[in-house]
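Order of the sequence lines fixes the chain letters, A, B, ..., with proteins taken first and strands second; residue numbering starts at 1 for each chain.
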Amino acid sequence: MRLLIALILVLGLAGLAYLAGRARADRMALAAAGGGSRLGTIHSRPVHHGVYVAMLALAPALLVLLGWGVLGDRMVAGQVIATLPAAEQPATPNDRAALLNEVRGLVSGDLPKAFNPLAERLAPVYAAADANGDLLAGALAVALLCAGGAWGYSRLRPDFRARNRVERHVRTILLLTSVVAILTTFGIVLSLIFESIRFFQMVSPVEFLTGLQWSPQTALRADQVGASGAFGAVPLFWGTIFIGAIIAMAVAIPLGLMSAIYLTQYADPRLRRWLKPVLELLAGVPTVVYGFFAALTVAPLVRSFAVALGMTDASSDSALAAGLVMGIMIVPFVSSMADDALTAVPGAMRDGSLAMGATMSETVKKVMVPAALPGIIGGVLLAVSRAIGETMIVVMAAGLAANLTANPFSSVTTVTTQIVALLTGDQEFDSAKTLSAFALGLVLFVMTLILNIYALAVVKKYREAYE
Amino acid sequence: MNQNPAIGHNQQPKMTARGVNVFYGQKQAIKDVSIDVSSDHVTAFIGPSGCGKSTFLRCLNRMNDTVDSARVEGRIELDSQDIYAAAMDVVQLRARVGMVFQKPNPFPKSIYENVAYGPRLHGLARNKADMDAIVESALRRAGLWDEVKDRLSESGTAMSGGQQQRLCIARAIAVDPEVILMDEPCSALDPIATARIEELIDELRGRYAIVIVTHNMQQAARVSQKTAFFHLGSLVEYDDTSTIFTNPRETRTKDYITGRYG
Ligand SMILES: Nc1ncnc2c1ncn2[C@@H]1O[C@H](COP(=O)(O)OP(=O)(O)OP(=O)(O)O)[C@@H](O)[C@H]1O
Ligand SMILES: [Mg+2]
């Protein structure tokens, strides 16, 4: 709250800095022009001078507030704990965190009363330190703002290139924002890697990547049955590929490709104009809805079909149900990539074939699809990488049994399903079971990354061929 | 307009058009064109840009069918058969009336497969040896054989523009058509490649009825024996090439040929 007020104050002051810079530039322009034309009398327009001053004022102040917002809590906590005599210092990091939580609860009023008497004692200290810190940060921000603004203001001259300066700063800001996005991704990957390394200290990577047995139940007590879990992830990789890359693609490739062929080569332009968006709308259906559909409609159908085929023990969770629905989900994806690829084939190619006396379907089969093939393959690869990362449908319809089987009617499980299963429910955070989720996530990430890079390379090469 | 489109013929013309109108939506692109095309010689279509040469050419193999807005009226016959009749099979018609486009458009396949494309479609070869013979003879007639005989498996799109255009001609003649339509076949080529194509047209003359659209007066004069001058969708004058270029009946033709008109 106090921080918010400081932020508003800083923004307001920056606004004033803008007005001041602008006014000064206006005066300079008038003075330089001596009543004549204003054009060319000062290098940059008054707006740029204003923005320049505001930028110089705002940047350091915002940095201070941001830094305090991120690190402030930790600094205050350290300060507060340090006031305790050595005997009363919390013994473990866990105790420390629990104590601080209580203190914060008391300060914010969420907690009417603390269990730990120490917390009661520390609460007022904490509140005071926090207020102090906020005040300090606010004051520092305003001071820097004034200093930056004043410096910027003092630099304004008729020939000062404010416009170019502003341009340069805008570039920096844009760069920073994209760096934030990239760094976040990078951080996620790093955390995946670190947790995976911890996992691989408990389970050897060779066992993880080649073992055929997956049962991650580790015992809580030493004497429990099934004390040692098995972390052979091959059944999961197989399940993922079986559902995402085999069954789903067996549905999505023909449906997507043929609908793209119909839309690009046969459909009346008027029909195409509304059919294509409708198809693409399918991509916007939340995957959990597909999950419902898979679990409640398709899975029972598949099961009764299996029973009719004589498999009396058919499971109600099946690779086929999940794969079929996932295939449907991926259709718009494949179709729109194939559509782009087919549209990019020069019309002269089509005319050339038709003029040879080929029918439309011969032309599509012998000329259009081969010419568009790299683009289509790229699209399919992207679709595969989407399918293997898909979670909701398989969680709801494929089951949890890690079977290594090619029978589409049996229940199999995938990497994503297992990650969900591993991380939901009560678990110690540093058990091998929990950590294996990160290792699985890492493998999944690497797989989709490779697929994406390869697919984009294929698509790019193909684009170049026609441009 | 010439009252007797069949002048100079003593034999049955290969293709005849009578009272042809073409509309793109509401817009009329061809107005009441009647013309005869004979197998004996090369016919050139000339005229200012946008006058409907391509449109009319595309009526002769029904390529206008692929344009949604296009509508063709009138009667066009190939060997006295109405090509727009319901009984006419478009696929067969296009096998009999081949086409070469302004921009070379080889398929992204090997040179061999490009030439074999039509024969395969129409089942002209019984076996591999047959097909080899067809491909070789088409490439020979297109004057391309010596240049490509050692690299038949290379991609057709990796050749020079002039070679590509000759490949397209080879592709068109591989199915032994009766008529070959060429829409500005040299406009994307340099003078040397153009000369090769013109030679080729000269060699093909007599074997096929050839219609060529061109913007190049010298080219029309060099390769054709008959010339048709189109203007604003109408056929203004159709006569022996020598007559058109030396002694045209219409002043519009004369103005165009002497460069006084666009
Ligand atoms: N697909 C089409 N849709 C609508 N109008 C068209 C279409 N194709 C051609 N036209 C119109 O028909 C007229 C004749 O065009 P056409 O292409 O036959 O001319 P052209 O004589 O071949 O010209 P150029 O010498 O420039 O190739 C032009 O006015 C053109 O705008
Ligand atoms: Mg044209």
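Neither the backbone nor the side chain of B:V90 has a heavy atom closer than 4.5 Å to any heavy atom of chain A. Contact annotation for B:P104: neither backbone nor side-chain heavy atoms come within less than 4.5 Å of a heavy atom of chain A. If you measure heavy-atom distances from B:V97 to chain A, the contacts under 4.5 Å come from the backbone alone.
Your options are B:K103, B:H122, B:M99, and the one with the most heavy-atom pairs under 4.5 Å with chain A is B:H122. The choice from B:R96, B:Q92, B:E113, B:K109 that makes the most heavy-atom pairs within less than 4.5 Å of chain A is B:K109.
Shown here is B:Y24, whose OH atom has more than 12 heavy atoms of other residues, nucleotides or ligands within 6.0 Å. Residue-environment remark: CZ (B:F23) exceeds the threshold of 12 foreign heavy atoms within 6.0 Å. The environment of B:K149 atom NZ is dense: over 12 non-hydrogen atoms of other residues, nucleotides or ligands sit within 6.0 angstrom. Within a 6.0 Å sphere centred on CZ of A:F292, heavy atoms belonging to other residues, nucleotides or ligands number 12 at most.
Interface with chain B: from residues 266-277 of chain A, residues A:P269 qualify, criterion being any non-hydrogen pair under 4.5 Å.
Of all the heavy atoms in B:Y117 and A:V367, the pair that sits closest is OH-CG2, 3.3 Å. Closest of all the heavy-atom pairs between A:A348 and B:N105 is O-ND2, 2.7 Å. Closest non-hydrogen pair, B:M63 versus A:D351, comes out as CE-O, 3.4 Å. The two atoms that bring B:F107 and A:G352 nearest to each other are CZ-C, 3.8 Å, heavy atoms only.
At least one side-chain heavy atom of B:L121 sits less than 4.5 Å from a side-chain heavy atom of A:K366. You'll find the side chain of B:P108 reaches within 4.5 Å of the side chain of A:M349, heavy atoms only.
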Chi angles and distances behind the side-chain contact (heavy atoms from CB on, under 4.5 Å) call for A:M356, B:R94: CA-CA 6 Å; A:M356 292 299 299; B:R94 289 186 189 147; over 6 Å; no

